[in-house]
2 protein chains.
Amino acid sequence: MASITIIDIAKMCGVGVTTVSRAINNHPDISEETKAMIMQVIKENHYVPNNSARNLKRSASKTIAVLIKGITNAFFNRLIQVFEKEIQQKKYSFILQRVDDKEDELEVAIELEKEKRLRGIVFLGGYFSHAKEKLEQLSVPYVLCTIGMTEEFDPNEYSSVSVDDFKESYKMVDYLCSQGHKKIALISATMDDVSIGKLRLEGYKKALADHGLAYNERLVRCMKEDLESYSMKNGYVVTKELLESEDEFTAIFAISDSLAIGACKAIFEAGKRIPEDYSVAGFDGVDISYYYNPSITTIRQPAEDIAEETIKILFDLIHKKTTHIHKVFPAELVVRESTMRIEQG
Amino acid sequence: MASITIIDIAKMCGVGVTTVSRAINNHPDISEETKAMIMQVIKENHYVPNNSARNLKRSASKTIAVLIKGITNAFFNRLIQVFEKEIQQKKYSFILQRVDDKEDELEVAIELEKEKRLRGIVFLGGYFSHAKEKLEQLSVPYVLCTIGMTEEFDPNEYSSVSVDDFKESYKMVDYLCSQGHKKIALISATMDDVSIGKLRLEGYKKALADHGLAYNERLVRCMKEDLESYSMKNGYVVTKELLESEDEFTAIFAISDSLAIGACKAIFEAGKRIPEDYSVAGFDGVDISYYYNPSITTIRQPAEDIAEETIKILFDLIHKKTTHIHKVFPAELVVRESTMRIEQG
DNA sequence: TTGTAAGCGTTATCAG
DNA sequence: CTGATAACGCTTACAA
């Protein structure tokens with residue numbers, strides 16, 4: 001069954017192809033009458049315009065790509081769902097491209113832009129430490145979502161949406177300190193992470209300092225590079241090592257809820273209790289942090305808001321309605337069962 | 001920066017466009033020499049062929065769509081990751097389209113096929129109860145993944161990959177019975193689910209019957225239609241209702257791990273213990289079922305195998321290497337901490 | 001082995 | 001308001 005084209009429709013309606021095109025695309029220059037008639041015929045024949053042809057003709061296709069660095073972390077799933085919904089709502093196509101931890105996401109983006117004639121790009125995750133000249137090869141608007149940027153980048157060169165990773169991390173560690181914890185372990189990103197990983201580490205250090213606590217680098221444990229980043233397994237393995245080491249601590253702050261859950265597993269396996277023996281805190285505020293037993297104290301990021309704002313900014317950029325913007329959402333400390341006050345001592 | 005085209009490359013190389021095209025597409029009729037030279041120029045200029053143009057020319061674009069019915073259930077995420085990897089590996093584009101619970105996925109598929117000139121489709125989730133004539137409007141190969149089909153469909157008309165939902169469900173309930181449970185609640189799909197929901201319910205009934213246990217419909221609770229299906233929240237709400245009812249039971253079998261975790265939360269909130277007061281079992285074998293506290297007894301579906309086989313069959317179908325196939329993978333009962341033997345009585 | 005030229009199905013330009 | 005017709009960038013007969 002050869003597919004039906006706009007020409008077929010035009011013939012059936014006894015009009016020119018232009019007119020059919022106008023009907024499809026809601027152009028003003030067409031009478032309501034003919035338009036209704038054409039739409040009727042289109043519906044009856046299940047005609048759907050060929051996307052490739054449209055994209056070829058339009059200089060840019062109506063598609064947005066979302067590039068995710070590293071394998072899916074649960075928090076991203078919520079974001080992605082919102083992206084998808086919003087993009088579909090705007091009648092754009094949506095391309096999800098996961099890029100491996102070792103790959104260069106910018107490289108991928110540049111290729112994809114040409115290949116698929118993208119209208120916009122969302123970068124999710126990763127560090128985004130790229131040379132400026134390479135960044136300039138990207139000619140479509142893009143927004144960095146939940147990727148904290150360090151100072152070396154000119155804020156007028158890109159847009160971003162995130163929480164204040166430094167502040168929120170500080171908030172959690174400050175809370176833990178206020179509960180009497182003096183030896184707080186951190187499950188952090190790998191050391192080469194100059195993005196949120198670094199910011200959260202800095203927040204941790206600052207909070208410690210502000211409470212007059214010494215920074216003990218033996219309590220800072222990085223995720224394993226050979227395991228999926230931010231995964232439960234990673235948290236489990238790292239915590240297990242920590243527990244087996246001689247280093248004492250009373251609380252663990254993991255920079256994602258998934259890591260925190262892995263940490264819990266390791267602690268339970270060691271025959272210890274949470275929060276009586278160890279307090280455990282996470283970051284993100286994904287569903288499972290609430291459902292876990294014990295429920296996990298965490299920093300809840302407003303995922304829906306973040307995702308919606310990301311898309312909003314991206315489309316504003318596409319329509320040239322705005323210059324570069326850096327939207328920072330507040331996150332919320334949610335205290336639950338996995339942490340407790342301990343005796344000063 | 002106007003994009004560079006195949007013509008530009010041809011000019012730069014001092015050859016015809018055909019030659020460039022041949023170089024790009026690994027055609028045989030070209031000397032290694034010219035090919036190398038052309039590829040070199042392409043690389044230097046960061047040329048990437050316009051996908052729309054290629055797709056327009058080729059009668060079908062090299063793209064596979066995965067349609068997911070209903071909002072993402074954690075189990076699907078693993079499948080999707082594998083799909084993505086495999087499809088990318090085959091140099092095909094990958095389109096992920098979530099379709100709302102109320103929407104007709106077949107309708108969406110038919111549109112998408114025309115619009116994007118798909119080469120193949122994977123259906124994930126849903127019941128897939130469609131009229132044969134409508135099914136015939138789909139002219140590209142498709143594979144049903146983890147969608148149990150009931151008898152009324154002719155197995156020669158479609159391909160599928162899944163576990164034996166009836167058998168695996170039976171296996172779990174049989175296990176629970178063997179542990180002395182006589183009053184086993186079921187958190188099942190909505191009653192209009194004629195697919196895996198129904199099959200798992202049938203497996204439950206059969207196991208009960210084989211153990212000489214009466215079927216008590218008050219112990220069969222359906223997910224709430226107004227909540228995300230298969231979600232933790234759904235399991236939580238349903239279980240809460242169940243606990244507040246007068247109906248006695250000693251075990252709950254939830255047809256997904258997420259539901260099971262929600263159930264656990266409700267039980268803990270009621271001040272009860274797992275497994276001492278209630279045994280809880282899930283289905284799927286997602287990571288969190290292992291990491292949860294207590295770890296959840298479940299049926300582990302071989303997600304990677306299922307996903308890989310789905311893609312394999314789809315491509316075999318595309319290349320006409322096979323007729324319709326129904327691959328059924330065995331799943332595994334994984335006994336963990338959330339269930340226990342109780343006294344006969 | 002290489003090049004020329006005709007489409008693929010749309011949309012946009014411009015003349016009726 | 002409507003309709004020819006020329007692109008859009010690529011693949012592929014067909015010719016050389």
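In what follows, every chain begins at residue 1, and chains take the letters A, B, ... in the order their sequences are listed. What you see is a predicted model, and the numbers here were worked out from it, not measured in a lab.
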By ring pair (Phe, Tyr, Trp, His ring centres under 6.0 Å), which residues pair with His326(A), not counting sequence neighbours?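 Expected list: Tyr158(A).
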Which residues share a side chain to side chain contact (heavy atoms under 4.5 Å, CB included) with [X], sequence neighbours left out:
X	result
Thr18(A)	Arg22(A)
Lys85(A)	none
Asp8(B)	Ile4(B), Thr5(B)
Glu84(B)	Arg98(A), Gln88(B), Phe94(B)

Taking any heavy-atom pair under 4.0 Å as a contact, classify Thr5(A): base, sugar-phosphate, or nothing.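 Thr5(A): backbone/sugar contact only, no base atoms under 4.0 Å.
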Counting only heavy atoms not in Glu44(B), do more than 12 fall under 6.0 Å of its CD?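 Counting neighbours around CD of Glu44(B), more than 12 heavy atoms of other residues, nucleotides or ligands fall under 6.0 Å, so yes.
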Other residues, nucleotides, ligands: >12 heavy atoms within 6.0 Å of Glu136(A) CD: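 Yes, because the 6.0 Å sphere around CD of Glu136(A) holds more than 12 heavy atoms from other groups.
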Name the residue from Tyr142(B), Phe83(B), Phe76(B) that meets the ring pair (Phe, Tyr, Trp, His ring centres under 6.0 Å) definition with Phe123(B).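 Among Tyr142(B), Phe83(B), Phe76(B), the one that satisfies the ring pair (Phe, Tyr, Trp, His ring centres under 6.0 Å) with Phe123(B) is Tyr142(B).
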Sub-4.0 Å heavy-atom contacts from residues 8-18 of chain B onto DNA chain D, ordered by number: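 Of all residues in residues 8-18 of chain B, the ones placing a heavy atom under 4.0 Å from DNA chain D are Thr18(B).
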Check each residue of residues 24-45 of chain A for a non-hydrogen atom within less than 4.0 Å of any atom in DNA chain D, then write out the ones that pass by number, or none.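 Close to the strand are Asp29(A), Ile30(A), Ser31(A), Thr34(A).
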Output all residues satisfying side chain to side chain donor-acceptor pair (under 3.5 Å) with Asn26(A), sequence neighbours left out; order by chain, then residue number.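 With neighbours one apart ignored, the set is Lys35(A).
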Using five pairs at each end of the helix from dT1(C)-dA16(D) to dG16(C)-dC1(D) to define an axis, what is the angle between those two axes, to 10°?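 Its terminal axes enclose an angle near 40°.
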Side-chain heavy-atom pair Glu111(B), His46(A) within 4.5 angstrom cut-off: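 Sidechains of His46(A) and Glu111(B): no contact.
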Answer yes or no: is there a side-chain heavy-atom contact under 4.5 Å between Ile68(A) and Glu105(A)?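 They are not in contact (no side-chain heavy atoms under 4.5 Å apart), so the answer is no.
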Span of DNA chain D in contact with chain A (heavy atoms, under 4.0 Å):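 Counting from the 5' end, contacts occupy dC1(D) to dG9(D).
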Testing the basics here: between Ser159(B) and His324(B), what is the closest heavy-atom pair and its distance to 0.1 Å?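 Shortest heavy-atom contact: OG-ND1, 3.0 Å.
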From CA spacing to verdict: ring-ring contact (aromatic ring centres under 6.0 Å, His included), Tyr92(A), Phe315(A): CA-CA 11 Å; Tyr92(A) 271 60; Phe315(A) 277 91; 4.9 Å; yes
Please, which pairs that meet salt bridge (charged side-chain N to carboxylate O under 4.0 Å, His left out) have at least one residue in residues 309-325 of chain A, sequence neighbours excluded?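 The answer is Lys312(A)-Asp316(A).
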Please determine whether salt bridge (Lys or Arg N to Asp or Glu O under 4.0 Å) holds for the pair Asp100(B) and Lys69(B), giving the CA-CA distance in whole Å, both sets of side-chain angles, and the decisive distance to 0.1 Å. CA-CA 6 Å; Asp100(B) 202 82; Lys69(B) 185 68 176 274; over 6 Å; no
Residue closer to the 5' end of DNA chain C, Arg22(A) versus Ile6(A) (nearest nucleotide):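 That would be Ile6(A).
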At a heavy-atom distance below 4.0 Å, which nucleotide of DNA chain C is the first touched by chain A, and which is the last?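 Counting from the 5' end, contacts occupy dG9(C) to dT13(C).
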